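Within every chain, numbering begins at 1; the chains are lettered A, B, ... in the order of the sequence lines, protein sequences first and strands thereafter. Since the model is a prediction, treat every value here as computed from it, not as a measurement.
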Amino acid sequence: MDSLLQIESYEPQVIERKWQTQWDTDKQYQTDTADSSRPKYYALSMFPYPSGRLHMGHVRNYTITDVIARFKKMHGFNVLHPMGWDSFGLPAENAAIKSGIPPAKWTFENIDHMRAQLKSLGLSYDWDREVFTCREDYYKWTQWLFLLFYKAGLAYKKEAPVNWCETCATVLANEQVIDGLCWRCDTLVIRKNLSQWFFKITDYAERLLNNLDHLPGWPDRVKTMQRNWIGQSTGTEVDFAVDGHPDTTITIYTTRPDTIFGVTYMVLAPEHPLVDQLTTAEHKEAVEAYRQSARTKSEIERTSTDREKTGVPLGSFVINPFTQEKVPLWIADYVLLEYGTGAVMAVPGHDERDHAFAKAYQLPLRLVIQSPAFSVDIESQAYTEPGILVNSGQFNGLKSQEAKEHITQFAETNGFGRAKTQYRLRDWLVSRQRYWGAPIPMVYCPSCDVVPVPESELPVRLPEDVDFSVTGRSPVSTSESFVNTSCPKCHGPATRETDTMDTFVCSSWYFLRFVDPLNEDRIFDSATVNHWMNVDQYVGGIEHAILHLLYARFFTMVLHDQGLINFLEPFDNLLTQGMVLKDGAKMSKSKGNTVDPDTVFHQYGADTARFFILSDSPPQSDFDWKDAGVEGCYKFLRKTWRLVVDNQSALDVSLAEPNYRDLQGLQRDLYQLTHQTIQGVTTDLSQEFQFNTVISKVREFVNGISRYPVSTNTKDPVFSLAIKTLLILMAPLTPHLTEELWQKLGGSGSVHHQSWPSVNTEALVADSVEVVFQVNGKVREKATVPLNTEKGVLEKMALENDRVQKFMDGKTPLKVIVVPNKLVNIVVPQ
RNA sequence: GGGCAGAUGGCGGAAUGGUAGACGCGCUGGUUUUAGGUACCAGUGCAGCAAUGCGUGCAGGUUCAAGUCCUGUUCUGCCCACCA
């Protein structure tokens with residue numbers, strides 16, 4: 001082995017395959033969830049959609065979680081680190097349309113390829129827990145959850161204007177419309193009236209919002225985004241009677257009840273249900289035309305803030321309950337049916353939108369809020385700040401804030417209003433007119449109406465005899481054998497729901513199934529899930545800040561309320577990793593600047609890819625992939641390899657740790673460096689996952705060891721300790737390299753089963769320190785002094801120093817600050 | 001328009017209020033090599049021969065001492081947005 005003729009070079013491709021096979025065979029990363037002798041740790045990456053190939057974003061995500069999982073394991077935790085596939089979704093269906101490959105075949109081939117790629121990255125997954133959301137053993141339970149929601153009154157069907165993407169030929173949830181465009185294909189989203197299934201996430205708006213305060217392990221950025229999305233506002237509802245319609249009132253929602261005396265008209269959303277009834281004959285034609293044009297507008301057109309305000313009057317009037325004044329009723333598309341009550345009181349003097357509208361249609365303005373600082377003029381511009389009430393009857397003179405309370409109170413007392421908390425969040429539209437998803441387990445019976453499929457009949461299997469080319473309805477509806485069924489209640493002929501579920505439903509509970517993935521009788525065993533949840537560390541992209549992370553929280557709360565689990569939030573700690581860029585630009589196929597992970601594995605090995613992708617930036621920041629950087633990491637690993645292999649004759653990892661107090665000179669220095677590195681790496685890994693600084697410390701350590709003069713004739717206990725420590729500290733980062741070297745050195749078992757080294761704090765303290773001498777805060781001299789040199793001695797040294805005296809320029813010090821082991825600062829008159 | 005981040009060499013980035021620029025990339029010079037690459041050594045914030053001066057987006061402030069704390073401001077990125 002030690003023969004000079006046989007110096008082995010670093011061949012990552014060979015050793016990586018060898019160890020991956022070995023770990024697989026040994027089931028090295030299998031988790032025994034029944035073992036409660038050790039504390040549990042659940043490390044989870046957001047599972048991927050099997051698009052076909054891994055990209056660098058995946059590599060970064062999974063490497064980060066893998067390092068955490070391995071690190072925790074070496075700390076004695078029973079670690080659960082699973083992987084699976086979010087495998088329903090549109091690309092599979094598009095492949096079917098384009099090339100006739102069945103979606104299932106396409107999906108599973110992609111999974112096989114990507115699984116092989118994941119294995120070649122050396123990730124410590126327990127593959128026995130792999131879940132596939134598109135497989136019956138999983139979607140059976142997704143359907144079961146739908147039924148649970150239905151029974152709890154949290155799933156309902158309603159006809160509503162919905163977001164429709166023409167390209168994807170399906171509806172979209174509110175969360176999937178980004179700037180008016182489809183999240184997947186950037187097509188302009190239009191409004192369509194359809195009868196669709198919804199989950200009542202709005203019932204949970206308040207709890208989803210308030211619980212964010214109890215998630216200290218989540219980045220503020222994500223919490224803020226969710227808060228904005230849920231969009232709580234507190235205000236008042238006021239009922240306005242309709243003139244000439246004694247039984248009809250219109251309720252408006254306002255956050256500015258203090259301006260209610262300034263109402264000069266009222267506006268309804270064009271789709272408001274009272275529009276037909278309240279349109280007078282002479283306005284019918286204009287109103288119909290306006291409603292028609294509003295209907296065909298896309299969301300982006302309609303909500304554009306810089307568009308001219310348009311609207312038409314209905315001919316009816318409402319009565320302001322505070323002033324008994326008659327004000328005209330209009331419709332305008334700047335009022336949204338989905339928010340509040342779909343009706344707003346218009347106060348053009350104190351709201352910019354109402355002001356613009358009033359100016360366009362010559363509606364009157366009225367000043368009801370006066371500024372305490374200047375005289376308000378509302379002719380040219382609305383005054384939207386709070387102030388003092390004027391022209392407001394009994395409320396004159398109150399400040400806006402008090403007035404809001406008094407006016408709301410007055411409305412409540414008189415029965416025409418109430419305080420109301422409003423959310424921007426809307427119910428989650430879960431129907432999709434697509435094939436490759438979990439069928440919604442519902443049946444339509446001519447006599448019994450909507451009937452849920454009994455649990456015993458789950459899963460409702462996806463049919464295979466479908467025509468993928470239909471648009472506007474689910475391809476599932478082309479399967480006669482699927483559609484025609486019998487009613488579970490009356491056993492008469494009935495038809496099945498042909499829509500499938502949004503894939504975000506499938507991914508809202510997968511983290512629970514990972515704990516008990518093979519359970520055939522139940523969705524999961526509650527006791528086991530209660531023990532293993534929460535996810536201790538969740539890692540994924542910021543793009544899921546709202547969508548997936550909000551839905552998963554919602555599901556968890558519902559399952560808690562239904563008594564299946566005993567916790568309210570799924571993810572204790574969340575790390576949102578930054579994007580992977582290439583030379584400063586976002587990697588994309590269209591730009592042609594992608595880096596294929598396989599190429600990197602082949603050329604440099606997985607350890608290099610892992611090491612590099614953790615190296616330059618903190619995990620939360622964007623990471624710039626540079627070929628020169630990969631090269632540099634490869635060289636470093638090769639240097640590390642040689643450092644060990646070339647010095648094997650001096651190494652014996654079974655030697656006992658030397659006694660620090662017996663060490664001197666370079667041995668003492670190396671021992672110190674070893675323990676300083678343990679300290680630094682451990683801190684950076686356990687507190688903030690600062691992989692970039694971990695790597696710089698590892699590099700400093702290797703540089704330090706390289707400078708140490710090794711005697712090749714004898715086993716050196718200090719050098720052996722340094723190398724042994726290096727391999728253990730690097731094991732989570734570069735698992736193959738360290739395993740191979742560990743084995744070469746005759747280490748016992750796997751390097752990944754070693755305990756994390758502990759710090760000898762005595763060795764952290766240096767014998768001498770460098771102290772700086774400052775004059776007026778500027779460093780003028782440095783001196784190396786014994787540790788803990790006394791203040792007086794330091795002061796004397798500084799004052800007698802030539803260079804210090806030069807800059808003191810003969811002046812008498814006003815003050816001398818001495819910080820032991822750090823500095824002396826001499827303050828002289830300037 | 002509202003909210004949240006952030007701004008440090010040629011580049012990615014380090015810095016419990018106490019030596020700004022760790023570590024790496026790049027670059028310069030050198031050694032080894034037929035040569036290139038590799039490896040190794042030295043250097044590398046800016047200006048200057050040097051002494052020295054100046055330096056963490058900008059303007060102030062607190063402090064013996066500020067990248068770090070405070071006030072204001074500019075710019076960049078992200079999220080939300082006719083939300084009443």
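Distances shown here put every side-chain N or O of A:Y253 at or beyond 4.0 Å from the OP1 or OP2 atom of B:A84. For the OP1/OP2 pair of B:U52 and a distance below 4.0 Å, the side-chain nitrogens and oxygens of A:K806 include at least one atom meeting the criterion. Contact check, A:R424 against B:A81: a side-chain N or O comes under 4.0 Å of OP1 or OP2. Listed pair A:R780 / B:G53 meets the phosphate criterion, a side-chain N or O lying under 4.0 Å from OP1 or OP2. When the side-chain nitrogen and oxygen atoms of A:R638 are compared with OP1 and OP2 of B:A39, one or more of them lie within a distance under 4.0 Å. Contact check, A:T693 against B:A22: no side-chain N or O comes under 4.0 Å of OP1 or OP2. Residue A:K635 places at least one side-chain N or O under 4.0 Å from the OP1 or OP2 atom of B:U38. Dashed line: the shortest gap from a side-chain N or O of A:N692 to OP1 or OP2 of B:C23 is not under 4.0 Å. Within the structure, every side-chain polar atom (N or O) of A:R707 is placed at least 4.0 Å from both OP1 and OP2 of B:C41.
Among the heavy atoms of the strands lying under 4.0 Å from A:T254 are primed sugar atoms or P, OP1, OP2 only; no base atom is included. A:Q422 comes within 4.0 angstrom of nothing in the nucleic acid, heavy atoms only. Residue A:N703 is classed as a sugar-phosphate contact, given heavy-atom separations below 4.0 Å to backbone atoms only.
Nearest to the side-chain atoms of A:R426 among the listed nucleotides B:A22, B:G18, B:C83 stands B:C83. Minimum atom distance to the side chain of A:R699 is reached by B:C23, of the listed B:U52, B:U19, B:C23. Taking every side-chain heavy atom of A:S233 into account, B:A84 is the closest of B:A84, B:A14, B:C79. Closest to the side chain of A:V335, out of B:G18, B:A20, B:A84, is B:A84. Checking B:U52, B:A22, B:C64 against the side-chain heavy atoms of A:S696 singles out B:A22 as nearest.
Taking 4.0 Å as the cut-off between side-chain N and carboxylate O, A:R418 and A:D239 count as a salt-bridged pair. Between A:D622 and A:R60 there is no salt bridge, since none of the side-chain N atoms of the basic residue sits less than 4.0 Å from a carboxylate O of the acidic one. Under 4.0 Å is where a charged nitrogen must lie from a carboxylate oxygen, and between A:R256 and A:D351 no such pair does.
Rounded to the nearest Å, the gap between the P atom of B:G72 and that of B:U8 is 23 Å. Atom name P, nucleotides B:C25 and B:G13: the rounded distance is 16 Å, in whole Å. B:U33 and B:U28 have their P atoms separated by 23 Å, with the value rounded to a whole Å. On the C1' atoms, B:G61 is 16 Å away from B:G17, given to the nearest whole Å. Here the separation of B:G43 from B:G24, taken at their P atoms, is 13 Å to the nearest Å. Taking the P atom of each, B:C75 and B:G57 are spaced 16 Å apart, rounded to whole Å. With C1' as the reference atom, B:U68 and B:G30 are 40 Å apart, rounded to whole Å. B:A81 and B:G2 have their P atoms separated by 16 Å, with the value rounded to a whole Å.
Side chain of A:R610 to main chain of A:L733: a donor-acceptor pair is present (N/O by atom type, distance under 3.5 Å, no hydrogens or angles).
For A:E175 and A:K782, each mapped to the nucleotide of RNA chain B holding its nearest heavy atom, the one lying further toward the 5' end belongs to A:K782. If A:K639 and A:K778 are placed on RNA chain B by their nearest nucleotide, the residue sitting closer to the 5' end is A:K639.
Checked against the 6.0 Å centroid criterion, the rings of A:W330 and A:F357 qualify as a close aromatic pair.
Taking CZ from A:F240 and CD1 from A:I252, the interatomic distance works out to 5.0 Å, rounded to the nearest 0.5 Å.
Atom CZ in A:R221 sits about 10 Å away from atom P in B:A5, given to the nearest Å. Taking atom CG on A:N174 and atom C1' on B:A81, their separation rounds to 13 Å, with Å as the unit. Straight-line distance from the CZ atom of A:F611 to the P atom of B:G12: 20 Å, rounded to whole Å. We find that NZ of A:K697 is positioned 12 Å from P of B:C23, with the value rounded to whole Å. A:D351 has its CG atom 14 Å from the C1' atom of B:A81, to the nearest Å. Taking atom CH2 on A:W229 and atom C1' on B:C78, their separation rounds to 15 Å, with Å as the unit. Rounded to whole angstrom, the span from the CG atom of A:D622 across to the C1' atom of B:G77 amounts to 9 Å. With rounding to whole Å, A:E700 atom CD is found 14 Å from B:G21 atom C1'.
Shown are A:V804, A:N801, A:I817; of these, the side chain to side chain contact (heavy atoms under 4.5 Å, CB included) with A:I826 is made only by A:V804. None of A:W183, A:W428, A:Y551 except one satisfies the side chain to side chain donor-acceptor pair (under 3.5 Å) rule with A:E175; the exception is A:Y551.
A donor-acceptor contact under 3.5 Å is formed by the side chain of A:N825 with the base of B:C64. Below the 3.5 angstrom threshold, one finds no donor paired with an acceptor across the side chain of A:R227 and the base of B:C80. Contact of A:K822 with B:U16 (side chain to base): a donor-acceptor pair of N or O atoms is detected under 3.5 Å. A donor-acceptor contact under 3.5 angstrom links the side-chain atoms of A:K309 to the base of B:C82. Residue A:E770 places a side-chain atom within donor-acceptor reach of the base of B:U19, judged by atom type and a 3.5 Å distance cut-off alone.
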Pairing string, 5' to 3', for RNA chain B - Watson-Crick or wobble contacts under 3.5 Å, brackets [ ] where pairs cross, | to another strand
(((((((..(((.....[....)))((((((.......))))))(((....)))..(((((..]....))))))))))))....
Side chain to side chain donor-acceptor pair (under 3.5 Å) assessment of A:R221 paired with A:Q620
CA-CA 11 Å; A:R221 186 149 83 108; A:Q620 297 85 352; over 6 Å; no
Tell me, with the steps shown, if A:T640 and A:Y10 meet side chain to side chain donor-acceptor pair (under 3.5 Å).
CA-CA 10 Å; A:T640 305; A:Y10 176 46; over 6 Å; no
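In this pair, A:F612 and A:W625 present their aromatic rings perpendicular. The plane angle is above 60°, beyond the 30 to 60° band.
Glycosidic conformation of B:G10: anti, with the torsion beyond 90° of 0.
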